[in-house]
Amino acid sequence: MTIKAASVPIGVFDSGVGGLTVVSAIRRALPGQPIIYFGDTARVPYGNKSARIVERYSLEIASFLVSRGVRFLVVACNTSSSLALAALEAKYSALPILGMIGPGARAAVEATANNRIGIIGTRATVQSGAYDKEVRRLSPRAEVFSRACPLFVPLVEEGWANERVAEEVAARYLEPLLEEGIDTLILGCTHYPVLAPVISKVAGPSVTLISSSEAAAGELASRLGGGGAQTGERGELRCFVTDAGTYFKEVAERILGEPLASLEAIDEERLVAQ
Ligand code: DGL
């Protein structure tokens with residue numbers, strides 16, 4: 001019996017719950033595609049860790065997902081995409097791998113009219129310069145302005161993405177970028193698409209927001225040829241975490257917009273032993 005490619009799961013991983021914005025975008029683009037999601041909730045956040053640690057954690061998670069037979073790996077975490085993509089590609093050269101940086105940068109370069117592009121993300125993502133390098137590689141004339149926005153992640157997880165406090169924080173973070181006259185802003189972190197309404201209100205209509213989650217889901221759909229979308233059935237979503245903690249499910253379902261049918265905790269030591 002031949003197995004239809006669309007029935008083989010893809011692996012998606014993140015430092016925690018935020019990567020479900022990418023899963024949500026993938027499920028809109030490819031509703032029939034089965035997905036195995038891995039959130040490293042015991043070791044989150046990655047956004048303030050060193051490249052060496054983020055690379056090690058990312059390789060451990062990839063090894064777990066590969067052992068589950070995934071046919072494609074999506075690095076939903078922007079910090080891992082910035083710091084660990086090269087190591088993942090070197091180790092799993094036979095596996096197609098998609099990070100967030102390429103799709104986000106490509107969408108921004110296509111969207112900008114004045115070549116002034118803003119990038120927001122975790123401290124580690126911004127310090128790595130990964131988005132800046134990719135944007136400049138694609139468009140040498142582009143000018144890039146970046147800023148880390150560490151308070152955005154807890155605001156989203158607290159469910160305050162549409163509160164006044166989120167607007168005040170966004171105004172403070174975005175001010176220097178807006179002063180530079182950017183016309184395009186890359187939301188270079190898993191959680192930030194949830195804040196898009198508030199960011200858009202602060203940035204105003206002249207700034208186009210680029211969700212790296214949406215951009216990556218679009219690229220994934222074209223690379224998989226839309227196969228998963230044609231099965232008619234909703235693909236299974238299995239979630240693994242390193243610690244289910246007290247509030248993963250609640251935040252996950254809010255971000256995903258659907259109930260989590262399958263959630264399993266994997267002991268961190270088992271992950272390391274893969
Ligand atoms: N998932 C991370 C990212 O997209 C944000 C949360 C963290 O710092 O781990 O960069």
Side-chain angles (χ1 to χ4, degrees), residues 11-26 37-62 65 73-85 88 97-105 107-108 118-132 134 146-161 166 169 173 185-196 199 209-217 239-243 245 247-248 251-252 254-256 268 271:
V12 180
F13 82 85
D14 178 43
S15 55
V17 71
L20 290 169
T21 59
V22 180
V23 170
S24 161
I26 294 173
Y37 180 79
F38 195 102
D40 195 4
T41 45
R43 302 187 291 194
V44 71
Y46 284 10
N48 55 16
K49 293 192 168 62
S50 67
R52 185 178 63 86
I53 294 295
V54 172
E55 198 178 292
R56 172 151 68 79
Y57 291 176
S58 303
L59 287 167
E60 286 169 6
I61 296 167
L65 290 170
L73 186 65
V74 177
V75 185
C77 180
N78 286 253
T79 305
S80 292
S81 298
S82 302
L83 301 175
L85 195 66
L88 289 165
I97 302 180
L98 182 68
M100 297 295 111
I101 311 303
I119 293 159
I120 52 176
T122 64
R123 285 201 171 90
T125 295
V126 167
Q127 277 169 20
S128 76
Y131 270 112
D132 313 40
E134 187 59 9
S146 48
R147 174 126 210 224
C149 305
L151 290 177
F152 278 173
V153 167
L155 280 170
V156 169
E157 296 196 359
E158 198 60 25
W160 289 358
V169 170
Y173 279 142
L185 178 64
I186 300 177
L187 309 181
C189 174
T190 45
H191 293 62
Y192 298 1
V194 180
L195 286 160
I199 294 175
L209 303 188
I210 303 294
S211 156
S212 56
S213 305
E214 294 285 345
C239 282
F240 292 89
V241 289
T242 37
D243 182 9
Y247 81 143
F248 178 85
V251 181
R254 195 177 343 111
I255 291 180
L256 201 56
E268 204 186 308
L271 187 68

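For ligands, and for the atoms within them, numbers begin at 1 and follow the listed sequence.
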Evaluation steps, side-chain hydrogen bond (donor to acceptor under 3.5 Å, both in side chains), between D40 and Y46: CA-CA 9 Å; D40 195 4; Y46 284 10; 2.5 Å; yes

Closest protein heavy atom to atom 1 (N) of ligand 1, given as residue, atom name and distance to 0.1 Å: D14 OD1, 2.7 Å

Protein contact to atom 5 (C) of ligand 1 [nearest heavy atom, distance to 0.1 Å]: C189 SG, 3.6 Å

For I210 against G104, the heavy-atom pair lying closest together: CG2-O, 3.7 Å

Sidechain-backbone polar pair: R147 side chain, G118 backbone, donor-acceptor under 3.5 Å: no

Enumerated ligand 1 atoms positioned under 4.0 Å from heavy atoms of V44: 9 (O)

Any N/O pair N48/ligand 1 closer than 3.5 Å: no

Derivation of the side chain to side chain contact (heavy atoms under 4.5 Å, CB included) call for T79 and S15: CA-CA 9 Å; T79 305; S15 55; over 6 Å; no

Which of the ligand 1 atoms, numbered from 1, are nearer than 4.0 Å to a heavy atom of G47: 7 (C), 8 (O), 9 (O)

Test item: T21 side-chain N/O and T190 main-chain N/O as donor-acceptor pair under 3.5 Å: yes

contact_flag C77 ligand 1 heavy-atom lt 4.0 Å: yes

Atom indices of ligand 1, in the order listed, that fall short of 4.0 Å to a heavy atom of S15: 1 (N), 2 (C), 6 (C), 7 (C), 9 (O)

Closest contact, heavy atoms only, A166 versus L155: CA-CD1, 3.9 Å

Heavy atoms of other groups near R123 CZ, more than 12 under 6.0 Å: no

Heavy atom of the protein closest to atom 10 (O) of ligand 1 (residue, atom name, distance): T79 OG1, 2.6 Å

Those atoms of ligand 1 less than 4.0 Å from some heavy atom in Y46: 7 (C), 8 (O), 9 (O)

Part of T122 within contact of ligand 1 (heavy atoms, under 4.0 Å): side chain

For ligand 1, the portion of T190 having any non-hydrogen atom under 4.0 Å away: both

Any side-chain donor near an acceptor of the partner, T41 and D243, under 3.5 Å: no

